[in-house]
Undergrad: 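Have a look at this one.
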Amino acid sequence: MKAAVLREINKPLEIENIQHGDPGPREVLVRTAAAGVCHSDLHFQNGSYPYPLPAVLGHESAGIVEAVGKDVTYVKPGDHVITCLSAFCGHCEHCLTGHMSLCQEPELQRPMDQPPRLAKDGESIWQFLNLSSFAEYMLVHEHAIAKIREDMPMAQAALIGCGVTTGVGAVIHTAKVEPGSTVAVIGCGGVGLSAINGAAIAGAARIIAVDMVPSKLELARKFGATDVVNAKSGDPVEAVRELTGGGVHYSFEAIGLKITAEQAFKMLRRGGTATIIGMIPVGTNIELHGPEFLMERKLQGSNMGSNRFRVDMPRFVEFYLQGRLHLDDLISRKIKLEDVNEGLAALETGEVARSVIMFD
Ligand SMILES: NC(=O)c1ccc[n+]([C@@H]2O[C@H](COP(=O)([O-])OP(=O)(O)OC[C@H]3O[C@@H](n4cnc5c(N)ncnc54)[C@H](O)[C@@H]3O)[C@@H](O)[C@H]2O)c1
Ligand SMILES: [Zn+2]
Ligand SMILES: [Zn+2]
């Protein structure tokens with residue numbers, strides 16, 4: 001099958017012919033239909049998050065089940081699925097207390113003494129985040145997929161695989177935004193726009209979008225932003241404080257920078273909560289003024305929107321089909337696997353919401 005392989009950090013992905021294994025007892029082979037290009041792929045390509053190489057990147061996808069292992073009962077060939085990198089074991093403390101996105105049980109990968117899921121003529125290729133979506137097929141654990149309605153279009157479904165689950169989930173699961181509250185979202189990419197959309201669904205009274213690209217701020221209004229702040233035209237902390245008379249109840253950082261993480265905290269009102277979604281590079285520390293904590297300001301992280309994806313993803317599909325999740329506007333362009341490097345480069349400029357790779 002064709003796949004986009006990262007062999008060296010900071011080098012383009014190479015389109016190569018590689019092989020996938022046959023499904024083990026609890027594995028599912030999925031024919032990839034669509035895969036979004038998320039900024040997290042770029043963080044791994046450029047080495048700000050180290051990963052063993054060679055690897056096939058990609059982790060935001062939807063497809064059709066091609067074959068299942070002998071113990072799989074959840075899906076059958078022909079079923080439509082969205083993948084999720086938050087594969088869950090179902091029996092560890094995190095899973096059993098409802099924090100499945102924190103599960104890291106090794107049993108979800110193949111043991112080292114077995115043939116790898118991906119290989120090229122005998123050379124092992126690492127599977128990226130349990131998925132490796134930039135490939136014509138994905139061989140995954142059955143706990144890395146959610147079954148969905150067949151009338152859900154695949155490009156939009158793919159976006160639910162990471163960006164939407166992450167952004168909406170950060171709002172409704174991690175932060176638990178209440179109706180009537182005030183929200184600021186810094187960064188209006190696929191994740192930030194989804195957080196804005198999630199805040200609208202949650203009933204936030206005021207949703208302030210912050211970005212540096214004017215077209216992104218315009219787009220943010222479509223997702224439910226009531227106010228927009230261009231961070232290039234002044235201090236976004238001041239702007240948000242002024243708009244809200246002292247700061248927001250909830251802020252979200254959806255970029256992955258030290259400065260914007262600090263801004264997210266500083267734009268809180270007393271008692272407010274900042275949620276960091278962005279992947280801040282390994283080795284980067286963020287600095288806060290200690291006395292701020294006396295006023296019960298809180299800072300927290302969010303992993304994949306604290307999801308329970310087999311419950312969440314079919315719900316997000318319903319929201320889309322009802323017109324409440326604006327996934328059509330999230331798709332800036334559809335591209336081919338061969339254009340994956342352009343899809344990654346487009347993330348550097350902030351001009352696109354999402355590029356989606358379509359497989360035929
Ligand atoms: N926590 C998780 O589980 C999780 C999951 C998915 C993605 N992420 C991370 O979320 C972040 C966002 O991902 P994405 O795919 O939406 O990225 P993206 O590149 O599509 O969007 C980033 C946006 O931020 C804007 N921006 C850049 N610098 C800015 C600044 N200084 N001030 C204001 N706006 C600025 C850009 O114009 C762009 O619109 C990334 O760090 C990604 O790795 C985290
Ligand atoms: Zn992602
Ligand atoms: Zn677990």
Side-chain angles (χ1 to χ4, degrees), residues 35-46 48-49 57-61 83-108 128-129 131 133 141 143 158-167 169-170 174 184-196 209-217 219-220 228-233 235-237 252-264 275-281 300-307 330 332 343-355:
V37 183
C38 170
H39 206 116
S40 302
D41 294 306
L42 190 60
H43 288 309
F44 287 94
Q45 187 201 20
N46 67 24
S48 50
Y49 277 77
L57 297 189
H59 63 278
E60 182 178 87
S61 47
T83 59
C84 188
L85 66 88
S86 310
F88 59 93
C89 74
H91 57 74
C92 73
E93 181 182 309
H94 298 293
C95 286
L96 291 176
T97 55
H99 304 100
M100 297 151 67
S101 65
L102 300 179
C103 178
Q104 291 203 326
E105 285 300 299
E107 70 186 46
L108 298 158
F128 181 57
L129 306 178
L131 299 176
S133 308
H141 193 280
H143 284 180
L159 301 181
I160 294 176
C162 177
V164 173
T165 291
T166 298
T174 316
V185 177
I186 314 177
C188 300
V191 174
L193 291 168
S194 297
I196 290 167
V210 183
D211 205 287
M212 295 168 89
V213 177
S215 61
K216 283 307 212 16
L217 293 172
L219 195 56
V228 301
V229 168
N230 189 331
K232 263 200 175 138
S233 340
D235 179 7
V237 174
F252 296 88
E253 197 278 354
I255 304 166
L257 296 174
K258 168 184 166 70
I259 182 167
T260 44
E262 292 166 357
Q263 287 167 354
T275 302
I276 307 300
I277 310 172
M279 291 179 61
I280 298 167
Q300 63 182 351
S302 179
N303 186 272
M304 289 299 291
S306 310
N307 73 75
L330 219 46
S332 311
L344 287 163
L347 289 166
E348 307 266 19
T349 68
E351 297 285 344
V352 298
R354 271 291 188 267
S355 308

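Values in this document were obtained by computation on a predicted structure and should not be read as measured data. Counting starts at 1 for both ligands and their atoms, in listed order.
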Undergrad: Taking 4.0 angstrom as the limit and counting only heavy atoms of Gly350, give me the atoms of ligand 1 inside it, by number and element.
TA: 36 (C), 37 (O), 38 (C), 39 (O)
Undergrad: With a cut-off of 4.0 Å, which atoms of ligand 1 are near a heavy atom of Cys188?
TA: 23 (C), 39 (O)
Undergrad: For a quick test of reading the model, state the closest non-hydrogen atom pair linking Thr174 to Ser306 and the distance between them.
TA: OG1-OG, 2.6 Å
Undergrad: Look at atom 14 (P) of ligand 1 and say which protein heavy atom is nearest, naming residue and atom and giving the distance to 0.1 Å.
TA: His39 CB, 3.6 Å
Undergrad: With distance as the sole test, does Lys232 use its side chain to make a donor-acceptor pair with the main-chain N or O of Asp211 at under 3.5 Å?
TA: no
Undergrad: Is any side-chain heavy atom of Cys188 closer than 4.5 Å to a side-chain heavy atom of Leu219?
TA: no
Undergrad: Is the Zn ion (ligand 2) less than 2.8 Å from an N/O/S atom of His39, whether that atom is in the backbone or a side chain?
TA: no
Undergrad: Around the Zn ion (ligand 3), how many protein N/O/S atoms fall inside 2.8 Å?
TA: 4
Undergrad: Between Ile277 and ligand 1, is there a nitrogen or oxygen pair with a distance under 3.5 Å?
TA: yes
Undergrad: Using a 4.0 Å cut-off to any heavy atom of Ala254, which atoms of ligand 1 qualify?
TA: 11 (C), 12 (C)
Undergrad: Is the shortest side-chain heavy-atom distance between Arg354 and Leu193 below 4.5 Å?
TA: no
Undergrad: Check if Ser302 has a non-hydrogen atom at a distance under 4.0 Å from any atom of ligand 1.
TA: yes
Undergrad: Run the numbers for me: atoms of ligand 1, each under 4.0 Å from some heavy atom of Leu347, listed by number.
TA: 19 (O), 20 (O)
Undergrad: What distance do Thr349 atom OG1 and Met212 atom CE have between them, rounded to the nearest 0.5 Å?
TA: 12.5 Å
Undergrad: Quick check on Arg354 - does any of its heavy atoms sit under 4.0 Å from an atom of ligand 1?
TA: yes
Undergrad: For the pair His143 and Glu105, evaluate side-chain hydrogen bond (donor to acceptor under 3.5 Å, both in side chains) and give the outcome as yes or no after the intermediate values.
TA: CA-CA 12 Å; His143 284 180; Glu105 285 300 299; over 6 Å; no
Undergrad: Determine, considering heavy atoms only, which of Val191, Ile255, Thr260, Asn230 sits nearest to atom 40 (C) of ligand 1.
TA: Ile255
Undergrad: Within a distance under 4.0 Å of any heavy atom of Cys162, pick out the atoms of ligand 1 and give their elements.
TA: 5 (C), 6 (C)
Undergrad: Near Gly278, which atoms of ligand 1 are under 4.0 Å from a heavy atom of that residue?
TA: 9 (C), 10 (O), 11 (C), 41 (O)
Undergrad: Got Glu107 and His91 here, is their nearest side-chain heavy-atom distance under 4.5 Å?
TA: yes
Undergrad: OG/Ser133 to CG/Leu85 distance, rounded to the nearest 0.5 angstrom?
TA: 9.0 Å
Undergrad: Looking only at heavy atoms, is any part of Lys216 under 4.0 Å from ligand 1, and if so is it the side chain, the backbone, or both, or is it neither?
TA: side chain
Undergrad: Considering distance alone, does some N or O of Ser40 sit under 3.5 Å from an N or O of ligand 1?
TA: yes
Undergrad: Answer side chain, backbone, both or neither: which part of Val213 comes under 4.0 Å from ligand 1, heavy atoms only.
TA: side chain
Undergrad: Tell me if a side-chain donor or acceptor on Ser332 pairs with a main-chain N or O of Ser355 at a distance below 3.5 Å.
TA: no
Undergrad: Using modelled atom types only, decide if a donor and an acceptor are shared between the side chain of Thr165 and the backbone of Gly161 within a distance under 3.5 Å.
TA: no
Undergrad: Please find the pair of heavy atoms, one from Cys103 and one from Leu108, that lie closest to each other, and give the distance.
TA: SG-CD1, 4.1 Å
Undergrad: Mind running side chain to side chain contact (heavy atoms under 4.5 Å, CB included) on Ser194 and Leu330 for me, showing each step along the way?
TA: CA-CA 9 Å; Ser194 297; Leu330 219 46; 3.8 Å; yes
Undergrad: Rounded to 10°, how big is the angle at the Zn ion (ligand 2) from Cys38 SG to His59 NE2?
TA: 110°
Undergrad: Specify whether Phe128 and Phe44 have parallel, tilted or perpendicular ring planes, treating 30° as the upper limit for parallel and 60° as the lower limit for perpendicular.
TA: perpendicular
Undergrad: Backbone or side chain, does any N or O of Gly190 fall under 3.5 Å from an N or O of ligand 1?
TA: yes
Undergrad: Which protein heavy atom lies closest to atom 4 (C) of ligand 1, and at what distance to 0.1 Å?
TA: Thr166 CG2, 3.6 Å
Undergrad: Checking the side chain of Thr83 only, and the main-chain atoms of Ser61 only, is there a donor and an acceptor separated by less than 3.5 Å?
TA: yes
Undergrad: Taking the side chain from Gln300 and the backbone from Ser302, do they hold a donor-acceptor pair closer than 3.5 Å?
TA: no
Undergrad: At a 4.0 Å threshold, what atoms of ligand 1 neighbour a non-hydrogen atom of Gly189?
TA: 16 (O), 18 (P), 20 (O), 21 (O), 23 (C), 39 (O)
Undergrad: Taking the side chain from Glu93 and the backbone from Thr97, do they hold a donor-acceptor pair closer than 3.5 Å?
TA: no
Undergrad: So, is Met304 polar-close to ligand 1, with some N/O to N/O distance under 3.5 Å?
TA: yes
Undergrad: Can you list the ligand 1 atoms lying under 4.0 Å from a non-hydrogen atom of Asn303?
TA: 3 (O)
Undergrad: Write down the atom of Val213, the atom of Glu351, and the distance for their closest heavy-atom approach.
TA: CG1-OE1, 3.7 Å
Undergrad: Regarding ligand 1, does Met279 bring an N or O atom to under 3.5 Å of one of the ligand's N or O atoms?
TA: yes
Undergrad: Using a 3.5 Å cut-off on N or O atoms only, is Asp211 in polar contact with ligand 1?
TA: yes
Undergrad: Grab the two heavy atoms, one from Leu344 and one from Gln45, that are nearest each other, plus how far apart they are.
TA: CD1-OE1, 3.8 Å
Undergrad: Which residue and atom name correspond to the protein heavy atom nearest atom 31 (N) of ligand 1, and how close is it?
TA: Met212 SD, 3.4 Å
